[in-house]
Amino acid sequence: MNGRARGLRNLRAVLAPVAAGMCVMAAAAAVLVPALGSAEGHDRPGGGASSPSATHHAYGPGSAPAAPAAPAAAACTADHAAASLRPSPDGGPAVDRIKEKGQLVVGVDQNTYRWGYRNPATGKLEGFDIDLARAIAADILGPDAKVVFKAVPTNQRIPALQKRAVDMVVRTMTINCARKQKVAFSTSYFQAGQQVLAPKTSTVKAFDGSLRGKRVCTAAGSTGESELAAQRHGARVLTVPNQLDCLVRLQLGQADAVVTDNALAAAQAAQDPTVELKGKPFTDESYGVAMNRDDTDLVRRVNKVLDDYRGDGSSDSPWMRAYRTWLRADMPGISGPPSPEYSD
């Protein structure tokens, strides 16, 4: 038995007291969605397998090279990073390409409970991000839309879009100016913030000096990694491909704390009742649907879908229904989606 197998066996033991569905999700790490470079996994169970800890993924021989960056509609500033192109129902090169293929290829997470994960009882991908991806596909391709989900590690989201291995990424991806130099974003569909996750018994109190000397885990390519690079508070930083790997290392005693979005941390705390969020969020994180920078028509089409998804602010809007289904139990008190901001 190799080290990873022993680790997963130990993890199952740690999660034994947790509800059965949650236990399976953390222990199995939801490895059923094919990663980039493997066979396509359509929107039904049994699409293939992938390793959640692989740092690099080979892209298929048919993947197109990265296209030159399209000019931005307006200069990006930190205060208005979430501004995007105005919505439009019209088609264009990117939308037409998706229609010609007859399918929408979406980069997603397969490891994050509540957001993008494989339900062990049904074998289907579920979560807040998965519902949104299906809504986008239905708008472009109709009610019987074919969706191909591809597992994309955190640090491979941007390369996947630049190489056109996926049409878009719907994966709790924070909008910021540095990323907008490389990919395009929709308007914000959820507001979160970086926060610390640690065992309830830990002396870690927040993103502060209590991290000194601690082993702090975060995902490579995440905003958590950027925040720790700017201010470590004396911590020793451990990076992994996916955020769930941090929870595994926390449970195996290989890390003392995790820095990640509070939305993801809340989902991890729901899986393991021995951990909790510490302190308060110390950043503002706007999640957006990411696309290739050249696909401006697709950005506008997705923003139109998001307008419909937010609805009129009523409790019966698709966004509020998804929130109640997936997030309210762990993140109560959210009254509605963030308002869109436009750059043109």
Side-chain angles (χ1 to χ4, degrees), residues 36-37 56-57 59-60 62-101 103-109 129 132-133 136-137 139-141 147-190 220-223 225-226 285-307 338 340-344:
L36 294 173
H56 300 290
H57 291 260
Y59 297 96
S63 299
C76 182
T77 63
D79 289 342
H80 300 284
S84 183
L85 301 176
R86 291 194 176 275
S88 172
D90 298 336
V95 173
D96 292 346
R97 186 173 63 245
I98 292 166
K99 289 182 176 181
E100 288 171 5
K101 290 188 302 182
Q103 63 184 28
L104 181 70
V105 183
V106 186
V108 297
D109 195 354
D129 281 346
L132 177 55
I136 295 169
D139 182 84
I140 296 174
L141 296 171
V147 187
V148 177
F149 292 114
K150 290 193 175 183
V152 184
T154 303
N155 63 351
Q156 291 297 308
R157 293 176 297 189
I158 289 174
L161 291 165
Q162 292 176 323
K163 295 174 183 290
R164 295 195 182 278
V166 296
D167 297 312
M168 61 184 61
V169 169
V170 186
R171 193 189 182 284
T172 59
M173 189 168 179
T174 299
I175 307 167
N176 61 40
C177 292
R179 288 174 175 170
K180 289 180 80 169
Q181 295 297 315
K182 302 172 184 177
V183 297
F185 282 98
S186 70
T187 53
S188 174
Y189 67 85
F190 194 84
S222 69
T223 47
E225 183 185 31
S226 299
E285 309 279 330
S286 296
Y287 293 165
V289 178
M291 291 154 275
N292 187 286
R293 285 198 75 199
D294 283 348
D295 293 346
T296 54
D297 63 303
L298 184 58
V299 174
R300 294 186 188 277
R301 184 64 172 263
V302 169
N303 283 339
K304 178 261 185 188
V305 177
L306 285 174
D307 266 3
E341 181 180 357
Y342 299 113
S343 59
D344 63 346

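Atom set for the values below is all heavy atoms of this structure, side chains included, hydrogens, waters and symmetry mates excluded. Because the structure is predicted, anything quoted here is derived from the model rather than measured.
Checked against Asp129 for a side-chain contact (heavy atoms from CB on, under 4.5 Å), the options Asp109, Val169, Thr172, Val106 give a single hit: Thr172.
Applying the salt bridge (Lys or Arg N to Asp or Glu O under 4.0 Å) test to residues at least two apart or on different chains, the pairs with a partner in residues 81-99 are Arg97-Asp295.
Rounded to the nearest 0.5 angstrom, Met291 CE and Ile136 CD1 are separated by 7.0 Å. In this structure, the separation between CD on Gln156 and NZ on Lys150 is 13.0 Å, given to the nearest 0.5 Å. Here the CE atom belonging to Met173 is positioned 10.0 Å from the OG1 atom belonging to Thr223, to the nearest 0.5 angstrom. Atoms CZ and CD, from Arg293 and Gln162 in turn, are 10.0 Å apart once rounded to the nearest 0.5 Å. Atoms CG and CZ, on Asn176 and Phe185 in that order, are 6.5 Å from each other to the nearest 0.5 Å. Between the OG atom in Ser88 and the CG atom in Asp297 there is a gap of 9.0 Å [rounded to 0.5 Å].
Checking side-chain atoms of Lys180 against main-chain N and O of Ala81 turns up a donor-acceptor pair under 3.5 Å.
For Ser84, the side-chain contact (heavy atoms from CB on, under 4.5 Å) criterion is met by Thr187, Val299, Asn303, not counting sequence neighbours. For Arg157, there are no salt bridge (Lys or Arg N to Asp or Glu O under 4.0 Å) partners at least two apart in sequence or on another chain. Residues passing the salt bridge (Lys or Arg N to Asp or Glu O under 4.0 Å) test with Asp139 are Arg301, Lys304, sequence neighbours excluded. For Arg179, there are no salt bridge (Lys or Arg N to Asp or Glu O under 4.0 Å) partners, not counting sequence neighbours. In this structure Ala83 satisfies the side-chain contact (heavy atoms from CB on, under 4.5 Å) test together with Glu341, Ser343, sequence neighbours excluded.
At least one side-chain heavy atom of Asp344 sits under 4.5 Å from a side-chain heavy atom of Arg300. At least one side-chain heavy atom of Asp294 sits under 4.5 Å from a side-chain heavy atom of Arg164.
In plain terms, the two heavy atoms of Pro338 and Ser188 that are nearest each other are CG-OG, 3.3 Å. Closest approach of Ala94 to Leu298, counting heavy atoms only: CB-CB, 3.8 Å. Between Leu306 and Ser186, the closest heavy-atom pair is CD1-OG, 3.5 Å. Among all heavy-atom pairs drawn from Ala165 and Val105, the shortest one is O-CG1, 3.7 Å. The two atoms that bring Lys182 and Ile158 nearest to each other are CB-CG2, 3.9 Å, heavy atoms only. Val152 and Ala160 make their closest contact through CG1-CB, 4.3 Å (heavy atoms, listed as atom of the first residue, atom of the second, distance).
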Stepwise side chain to side chain contact (heavy atoms under 4.5 Å, CB included) test for Leu141 and Lys101: CA-CA 10 Å; Leu141 296 171; Lys101 290 188 302 182; over 6 Å; no
For Thr174 and Tyr287, run side chain to side chain contact (heavy atoms under 4.5 Å, CB included): C-alpha distance rounded to whole Å, both residues' side-chain angles, the deciding distance at 0.1 Å, then the answer. CA-CA 4 Å; Thr174 299; Tyr287 293 165; 3.8 Å; yes
